J.: 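Right, I'll just put the structure down here and ask away after.
Residue numbers start from 1 in every chain, and the chains themselves are labelled A, B, ... in the order their sequence lines are given, proteins ahead of strands. The model shown is predicted, which means the values in this text are computed figures rather than measured ones.
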Amino acid sequence: MHQPHIQISTNQQDRLIAGFAALAISIHLFESVLPSPIPGIKPGLANLVTLYVLIRHGWQLAVNVSLLRVLASSLLLGSFLSPTFILSLAGAVASLLILGIAWHIPGKPFGPVGLSILAALAHMAAQILTAYLLFIPHSALFTLLPVFLTAALISGTLGGILVNRIIKQTSALKQHE
Amino acid sequence: MIWRNINSDFNMADKAVFLFSLLLIVTSCFYFWKTEPASYATIKSPQKAPLHVNLDHEKIYTIQGALGISRIEVTHGKIRFTDSPCHNKFCIQHGWQQQHGDLTACLPNRISIQLANARDAANYDAINF
């Protein structure tokens with residue numbers, strides 16, 4: 001039997017994307033089995049990976065990691081193209097867009113916490129808007145917006161603080177090497 | 001602990017973003033939690049087509065339900081059940097309804113009243129998968 005010889009050449013960037021996407025997918029899967037006290041509210045831990053990648057490796061890598069995470073997690077959870085997937089994608093795209101804008105402001109004024117809050121709020125707002133446009137076209141849905149935005153602010157702030165500490169720790173390690 | 005030196009995690013722009021978000025949330029509370037008076041009610045009963053009722057007048061409607069006749073009173077922007085052949089009379093105790101989006105019903109008699117600020121505001125309230 002002739003064994004087909006397929007070789008895919010990867011560069012350093014591909015391996016970074018794959019590694020971080022795998023990490024984000026694992027966190028996403030872990031989070032999806034955690035019970036939530038309020039339906040629709042998750043800590044959004046998988047997005048911390050996106051934020052870390054953005055700060056360490058730039059916006060393009062963060063886009064790759066985040067979109068791969070949404071796609072692969074939906075395939076693993078069996079929610080591909082379902083409302084869950086569409087909401088997940090809408091949130092990811094919105095937070096990537098606002099991160100892209102905030103990241104490319106000259107002088108880079110925002111630290112991890114500011115970026116994290118912006119992304120969390122954009123994520124939540126986009127999901128509610130998508131849910132309204134596609135699935136629950138009733139204005140009563142927006143009654144929940146203040147509650148969801150508060151949750152996004154809390155989880156965004158805590159997530160940002162975590163990422164800030166992780167970045168401080170890992171850059172200390174890097175200097176040590 | 002995460003709470004130690006928490007100030008050092010925020011730079012000036014981060015603090016600005018945090019305060020701006022707080023302001024946004026407080027504004028959204030005022031904007032989305034305000035109540036709006038209703039001007040129409042839709043009365044649904046098992047045997048007839050939904051009845052669209054203007055709330056700007058005084059009238060008592062008698063609606064035939066699954067058990068018998070329910071009486072529904074309308075006065076100047078408010079609506080309530082005044083009589084129903086059900087056992088618990090929850091519908092009557094629920095009292096006056098007057099805000100856009102309010103809903104009241106007599107489940108045993110299968111009559112529901114949904115309030116809105118426009119005639120056909122509530123086509124459907126949810127789509128499920």
Side-chain angles (χ1 to χ4, degrees), chain A residues 79 81-87 98-99 102-103 105 107-122 124-125 128 131-168, chain B residues 1-42 44 97-105 112-129:
Chain A
S79 63
L81 295 185
S82 74
T84 319
F85 168 77
I86 292 167
L87 291 178
I98 202 155
L99 283 176
W103 188 245
I105 291 175
K108 294 201 189 327
F110 301 112
V113 179
L115 292 170
S116 179
I117 294 173
L118 286 174
L121 291 180
M124 197 53 103
I128 298 250
Y132 174 75
L133 292 175
L134 294 181
F135 309 121
I136 312 174
H138 191 277
S139 56
L141 184 66
F142 291 113
T143 313
L144 286 169
L145 194 61
V147 180
F148 282 154
L149 286 181
T150 309
L153 177 60
I154 294 169
S155 67
T157 309
L158 290 178
I161 292 171
L162 271 175
V163 170
N164 189 35
R165 308 253 165 137
I166 292 167
I167 282 176
K168 271 183 191 164
Chain B
M1 258 313 282
I2 195 165
W3 305 118
R4 217 175 55 202
N5 298 328
I6 204 159
N7 206 28
S8 67
D9 290 302
F10 290 77
N11 67 26
M12 280 307 286
D14 295 342
K15 283 177 189 164
V17 168
F18 186 86
L19 290 177
F20 176 76
S21 310
L22 267 187
L23 196 71
L24 186 80
I25 289 168
V26 173
T27 318
S28 73
C29 289
F30 282 107
Y31 186 77
F32 291 112
W33 288 353
K34 67 170 192 274
T35 52
E36 230 180 305
S39 48
Y40 280 92
T42 304
K44 288 181 182 163
Q97 307 300 318
Q98 49 190 327
Q99 305 295 349
H100 168 64
D102 277 355
L103 185 76
T104 186
S112 74
I113 305 173
Q114 189 169 16
L115 283 76
N117 57 4
R119 194 180 152 83
D120 291 318
N123 284 330
Y124 31 69
D125 56 18
I127 297 174
N128 244 307
F129 288 85

J.: With a 4.5 Å cut-off on side-chain heavy atoms, are B/Phe18 and A/Leu153 touching?
T.: yes
J.: Write down the atom of B/Ala13, the atom of A/Pro109, and the distance for their closest heavy-atom approach.
T.: CB-O, 3.2 Å
J.: Could you tell me which non-hydrogen atom of B/Ser21 sits nearest to which non-hydrogen atom of A/Leu121, and how far apart they are?
T.: OG-CD1, 3.3 Å
J.: Under 4.5 Å heavy-atom distance to chain A, tell me which part of B/Ser8 shows up: side chain, backbone, both or neither.
T.: both
J.: To the nearest 0.5 Å, how far apart are CG in A/Leu115 and CG in B/Asp14?
T.: 7.0 Å
J.: Would you check, one step at a time, whether the test side-chain contact (heavy atoms from CB on, under 4.5 Å) holds for B/Phe32 with A/Leu141?
T.: CA-CA 10 Å; B/Phe32 291 112; A/Leu141 184 66; over 6 Å; no
J.: Kindly compute the distance separating CG (A/Leu144) from OG (B/Ser28), expressed to the nearest 0.5 Å.
T.: 11.5 Å
J.: So which residue, A/Ala152, A/Pro146, A/Gly111, ends up with the most heavy-atom pairs under 4.5 Å with chain B?
T.: A/Pro146
J.: If you look at every heavy atom in B/Asp9 and A/Asn164, which pair is closest and at what distance?
T.: OD1-ND2, 2.5 Å
J.: So for A/Thr143, is it side chain, backbone, both, or neither that comes closer than 4.5 Å to the heavy atoms of chain B?
T.: both
J.: Let me know if A/Leu149 has heavy atoms under 4.5 Å from chain B in its side chain, its backbone, both or neither.
T.: both
J.: Could you go through the side-chain contact (heavy atoms from CB on, under 4.5 Å) check for B/Phe10 and A/Thr157 one step at a time?
T.: CA-CA 10 Å; B/Phe10 290 77; A/Thr157 309; 3.7 Å; yes
